[in-house]
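Below is one structure, written out as structure tokens; comments come after it.
These figures come from a predicted structure and were not determined experimentally.
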Amino acid sequence: YNTKQHTDNPQYEQQFTPEGHTFLPYRQEAQPTDQASLHHRATENGNGNNGCHAVDHGQPDMQAGQSHLDAERDQQQCHTDTLERGLRELGRQLGLLELDQNLCAEDSGLTAITVKQTDTDHTYIPYTNRPLGWHTDGYYNAGGLQVRAWLLFCAQPAAEGGENGILDHEIAYIRLRDHNPEWIRALMAHDAFTIPSNTEGGTQIRPDHAGPVFSLAEDGSLHMRYSARQRNVIWKDDRPTREAAEFLLDLFKTGDDHIFQARLKANEGVISNNVLHRRGGFKDTDDGRTKRLMYRARYYQRLPAPTD
């Protein structure tokens with residue numbers, strides 16, 4: 001099912017018709033995430049689901065035991081592959097075709113977001129259990145590769161925490177403009193917001209990317225590239241830009257009636273244009289049986305405008 005949240009504001013400038021964002025809780029049959037559940041499901045269901053084969057117990061010796069573990073891993077990988085194919089197909093059905101292949105993405109183009117070590121020099125906050133501040137996705141991308149929409153699917157929520165906050169970036173635009181239109185002009189400057197280069201293994205994988213915070217896409221829709229992080233971002237050093245950046249931080253701190261808070265359950269998801277969002281810190285269980293696992297896809301197209 002599809003829930004469309006609209007925001008009607010008579011003061012909103014005509015060329016920025018507010019579409020709201022589209023929340024799509026995506027449900028499928030729950031898939032197990034721990035080895036014990038996989039073993040039970042495989043032996044109970046015979047051939048399993050979606051072409052995944054059952055675990056063969058074999059003989060109770062060391063070789064058979066290893067075969068059993070290998071079969072369980074194969075079963076788990078089969079369920080993961082099926083899930084990723086299903087999520088990509090969901091995006092295609094909504095007209096989202098071009099995936100943004102980010103640094104830590106899987107071969108499928110989706111990204112498994114969980115607490116894990118990454119094959120990178122730097123520690124990236126999404127792959128820890130720390131809070132993730134307000135941002136839009138792909139704010140560090142080059143101008144021609146802007147993320148316009150994203151999908152987030154919850155395979156397993158954390159034991160505690162991990163809630164998401166969402167705010168339509170068009171609302172942030174309205175709040176800024178209503179306080180001081182000069183701030184909008186400042187944030188639309190070509191050098192308003194710069195992300196420094198990124199180097200991995202002694203090789204520069206991304207140069208400095210400077211650009212506006214707010215811009216208009218070819219179809220007239222409003223786009224925002226933003227991060228509330230205080231490190232590794234460079235704001236243009238002039239008064240209106242500094243004031244606008246401080247206003248946004250204060251807006252997120254004090255809150256807004258249009259901020260949507262949600263803690264996704266297993267097999268729920270969100271699909272949205274590239275609105276502002278955040279993640280709260282969380283805790284997994286010590287034994288790893290309840291470990292937060294999200295799948296994310298990022299796209300270069302916007303969602304089609306909702307219809308009545």
Side-chain angles (χ1 to χ4, degrees), residues 1-7 16-28 31 50 79-114 126 132 134-155 164-172 209 211 214-227 260 262 264 266-279 293-308:
Y1 57 96
N2 193 358
T3 302
K4 297 184 287 293
Q5 292 197 349
H6 296 274
T7 302
F16 299 150
T17 303
E19 298 177 13
H21 31 266
T22 302
F23 300 100
L24 181 64
Y26 172 75
R27 298 179 182 274
Q28 66 167 34
Q31 302 292 345
N50 305 311
H79 285 302
T80 298
D81 292 345
T82 299
L83 173 59
E84 291 182 357
R85 285 196 301 271
L87 293 175
R88 290 198 62 168
E89 179 59 28
L90 174 63
R92 283 193 288 267
Q93 290 181 17
L94 294 172
L96 303 176
L97 305 177
E98 292 183 76
L99 279 164
D100 176 56
Q101 189 85 16
N102 64 285
L103 181 62
C104 298
E106 313 299 321
D107 292 341
S108 66
L110 276 71
T111 304
I113 301 177
T114 190
L132 192 58
W134 287 97
H135 65 285
T136 57
D137 272 11
Y139 58 86
Y140 39 76
N141 282 14
L145 297 173
Q146 292 297 293
V147 173
R148 307 290 179 175
W150 48 259
L151 175 153
L152 188 68
F153 176 83
C154 177
N164 291 105
I166 296 176
L167 174 65
D168 193 327
H169 59 289
E170 296 180 350
I171 297 297
H209 283 157
F214 289 114
S215 60
L216 287 175
E218 292 182 0
D219 62 0
S221 60
L222 182 68
H223 178 66
M224 185 179 189
R225 56 185 290 270
Y226 174 80
S227 172
F260 178 82
L264 296 177
N267 300 311
E268 289 185 340
V270 179
I271 189 163
S272 171
N273 289 323
N274 194 8
V275 295
L276 289 156
H277 52 287
R278 60 168 289 277
R279 181 193 75 194
L293 173 60
M294 300 281 176
Y295 287 93
R296 183 193 65 201
R298 305 194 302 196
Y299 300 95
Y300 297 138
Q301 297 88 20
R302 284 172 59 88
L303 286 161
T307 58
D308 294 334

Nearest non-hydrogen partners of Gly138 and Val147, listed with the distance:
CA-CG2, 4.0 Å

Pairing residues for Glu89 by the salt bridge (Lys or Arg N to Asp or Glu O under 4.0 Å) criterion, not counting sequence neighbours
Arg92

Suppose we screen for side-chain contact (heavy atoms from CB on, under 4.5 Å). Which residues come up paired with Arg148, at least two apart in sequence or across chains?
Gln146, Ala217, His223, Arg302

If I compare all heavy atoms of Trp134 with all of Tyr226, which pair ends up nearest, and what's the gap?
O-CE2, 3.8 Å

Does a side-chain heavy-atom distance below 4.5 Å link Leu83 with Phe153?
yes

For the residue pair Ile166 and Val275, what are the closest heavy atoms and their distance?
CG2-CG2, 3.5 Å

Search all heavy atoms of Leu276 against all heavy atoms of Ala172 and return the closest pair with its distance.
CD1-CB, 3.8 Å

Can you name the residues that form a side chain to side chain donor-acceptor pair (under 3.5 Å) with Tyr140, not counting sequence neighbours?
Arg298

Hits for side chain to side chain donor-acceptor pair (under 3.5 Å) against His209, two or more places apart or cross-chain, chain-then-number order -> none

Would you mind reporting whether Arg279 and Leu152 have side-chain heavy atoms less than 4.5 Å apart?
no

Would you say that Tyr295 contacts Leu151 through its side chain, given a criterion of any heavy-atom pair below 4.5 Å between the two side chains?
no

Can you name the residues that form a side chain to side chain donor-acceptor pair (under 3.5 Å) with Asp137, not counting sequence neighbours?
His135, His277

Looking at residues at least two apart in the chain, or sitting in another chain, which of them share a side chain to side chain donor-acceptor pair (under 3.5 Å) with Asn164?
none

Interatomic spacing from CG in Leu216 to CG in Leu222 - rounded to 0.5 Å:
6.5 Å

Looking only at heavy atoms, what is the nearest atom pair of Ala155 and Ala266, with distance?
O-CB, 3.8 Å

By ring pair (Phe, Tyr, Trp, His ring centres under 6.0 Å), which residues pair with Phe214, not counting sequence neighbours?
Tyr173

For Tyr300 and Asn141 the tightest heavy-atom approach is CE2-ND2, 4.4 Å

Excluding sequence neighbours, so at least two apart, what forms side-chain contact (heavy atoms from CB on, under 4.5 Å) with Gln301?
Leu96, Leu97, Glu98, Tyr299

Roughly how far apart are Ser221 OG and His169 NE2, rounded to 0.5 Å?
7.0 Å

Look at the side chain of Thr136 and the backbone N and O of Asn274, then say whether any donor-acceptor pair between them is shorter than 3.5 Å.
no

Is the backbone N or O of Leu303 less than 3.5 Å from a side-chain atom of Asn273, with the two atoms forming a donor-acceptor pair by type?
yes

